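It should be emphasised that the depicted structure is a prediction, and the values quoted were computed from it without experimental measurement. To find a chain, count down the sequence lines: A is the first, B the second, and so on, and within it residues start at 1.
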Protein chains: 2
Amino acid sequence: MNRRKATESKKIILEAANEVFAERGYSGTTIREVARRAGISIGGIYIYFQNKEELYLELTRDHIETFRKHTEMLRDKEPLAALKALIEYHLDYAIKNTGLISMHIKEYDLEFKKNLKKTFFDSQQRLVTGILKKGVMKGIFKDINCEETAEVILFSLRGATMDYLFGQIRDLKKYGESLYQLILNGIRRKAA
Amino acid sequence: MNRRKATESKKIILEAANEVFAERGYSGTTIREVARRAGISIGGIYIYFQNKEELYLELTRDHIETFRKHTEMLRDKEPLAALKALIEYHLDYAIKNTGLISMHIKEYDLEFKKNLKKTFFDSQQRLVTGILKKGVMKGIFKDINCEETAEVILFSLRGATMDYLFGQIRDLKKYGESLYQLILNGIRRKAA
DNA sequence: CGTAAGGGTGAACGCATGTTCAGGTGAACA
DNA sequence: TGTTCACCTGAACATGCGTTCACCCTTACG
């Protein structure tokens with residue numbers, strides 16, 4: 001029927017796939033459902049994507065890139081403000097992208113996305129370590145082990161995200177302040 | 001052939017199922033594989049369990065009960081010791097039961113185990129809140145919001161578990177001390 | 001007009017899964 | 001020995017999946 005341009009169709013498929021993956025996870029997503037929601041035929045998907053994996057990878061690369069771009073900006077802020085903003089961004093992201101995060105948690109061990117995941121986690125780890133090191137240098141933070149503390153901070157953020165996902169807590173934002181205080185009391189140099 | 005007693009067969013099936021579920025998660029587990037590993041036929045499984053869900057639930061109930069029993073004992077300890085032991089137990093459990101935890105994380109939203117999960121999470125929450133309240137009463141901890149702080153502590157423990165599972169960190173035990181310090185500095189009443 | 005090509009279709013294929021059920025087998029007892 | 005019954009078997013069934021491919025439109029161009 002030649003209804004659309006190729007680039008347009010590809011975009012529509014990606015958007016539909018994004019929806020379905022977020023709702024159902026990787027293995028729960030069927031090509032049939034993506035096709036249905038994109039308003040294209042089953043075979044039509046395979047014109048633009050070799051297979052389901054490729055479709056998934058293309059989406060995941062986008063998501064990681066978006067997240068990375070937003071958090072990398074924090075490097076320029078003051079350590080305290082950067083930490084606060086990091087916590088806020090994490091919690092905010094979790095609230096606004098439940099489906100996406102759910103997908104990545106549920107299928108965390110898919111072999112074909114291992115590299116992508118490692119790169120992502122490492123970049124976050126480096127970012128927080130950087131913030132902490134800056135704080136230590138400036139005398140704002142105690143003389144902590146920055147790598148290890150960065151990891152622990154990320155633990156708590158991911159744990160909060162997970163509990164929110166699990167439905168264990170309703171108002172995630174509420175915990176932002178508690179998290180900030182707990183972290184800060186643990187690393188800040190005493191004023192007195 | 002009447003090789004075994006019914007109770008024995010059921011136990012063998014449960015053990016096999018435990019293995020396979022831990023390795024492959026719920027949906028990744030096939031009755032065929034459980035049967036193969038239990039040394040019984042496919043149909044044999046259905047003599048003892050109505051279906052896959054029931055098999056899974058029976059196992060999960062056991063696991064939760066074991067965990068709960070071990071942590072409830074901490075109520076009698078001194079708050080500081082209880083916190084330390086709780087952290088230790090969590091990390092230890094994560095290391096020794098990767099497969100199990102992986103299964104629960106990967107299929108966290110299975111409808112038929114929702115109640116079981118909520119009960120489990122709530123009991124942990126109550127336990128930590130109790131420990132904190134005792135500490136506050138004794139003047140060991142600051143006048144914190146016990147419920148909220150308990151949640152944040154559980155965040156960090158679950159986050160640590162998750163990062164370990166994700167392969168992001170290798171030596172989980174190493175982070176026990178960091179976690180303890182961060183938490184403690186955040187809630188302990190200053191000695192001076 | 002003919003025809004090539006980009007864009008699209010969906011029935012069909014091969015495979016895997018949870019579940020069923022007609023039937024087998026051996027020990028225990030009459 | 002014959003009968004019963006608890007225990008067990010695995011081919012068969014219904015379903016659902018990712019993927020393929022022979023074929024169909026519509027447009028562009030000569």
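Here C/dG7 presents its P atom at 13 Å from NZ of A/Lys10, a figure rounded to the nearest Å. Here C/dC21 presents its P atom at 14 Å from CD1 of B/Ile47, a figure rounded to the nearest Å. Look at CZ on B/Arg24: it is 13 Å from C1' on C/dT17, rounded to the nearest Å. As a whole-Å value, the separation of B/Phe49 CZ from D/dC8 C1' is 15 Å. When rounded to the nearest whole Å, the span between CD1 of A/Ile13 and P of C/dG7 equals 12 Å.
Centroid-to-centroid, the aromatic rings of B/Tyr175 and B/Tyr164 stay 6.0 Å apart or farther.
Annotation: salt bridge (charged side-chain N to carboxylate O under 4.0 Å, His left out) contacts involving residues 56-70 of chain B, sequence neighbours excluded, comprise B/Lys10-B/Glu58, B/Glu65-B/Arg68.
In summary, the side chains of B/Thr29 and B/Glu33 do not present any donor paired with an acceptor at a separation below 3.5 Å, with no hydrogens or angles considered.
Between A/Glu23 and A/Arg37, at least one side-chain nitrogen of the basic residue sits less than 4.0 Å from a carboxylate oxygen of the acidic one, meeting the salt-bridge criterion. The pair A/Glu147-A/Arg126 does not count as a salt bridge, with every side-chain nitrogen at least 4.0 angstrom from each carboxylate oxygen.
Remark: A/Glu107 pairs with A/Tyr26, A/Ser27, A/Leu110 by the side-chain contact (heavy atoms from CB on, under 4.5 Å) rule, at least two apart or across chains.
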Quick tally for nucleotides 13-20 of chain D: nucleotides whose base has a protein heavy atom under 4.0 Å get B, sugar-phosphate-only ones S, the rest -, giving ----BBBB

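Comparing D/dC7, C/dT9, D/dT9 against the side chain of B/Ser41 picks out D/dT9 as the nearest.
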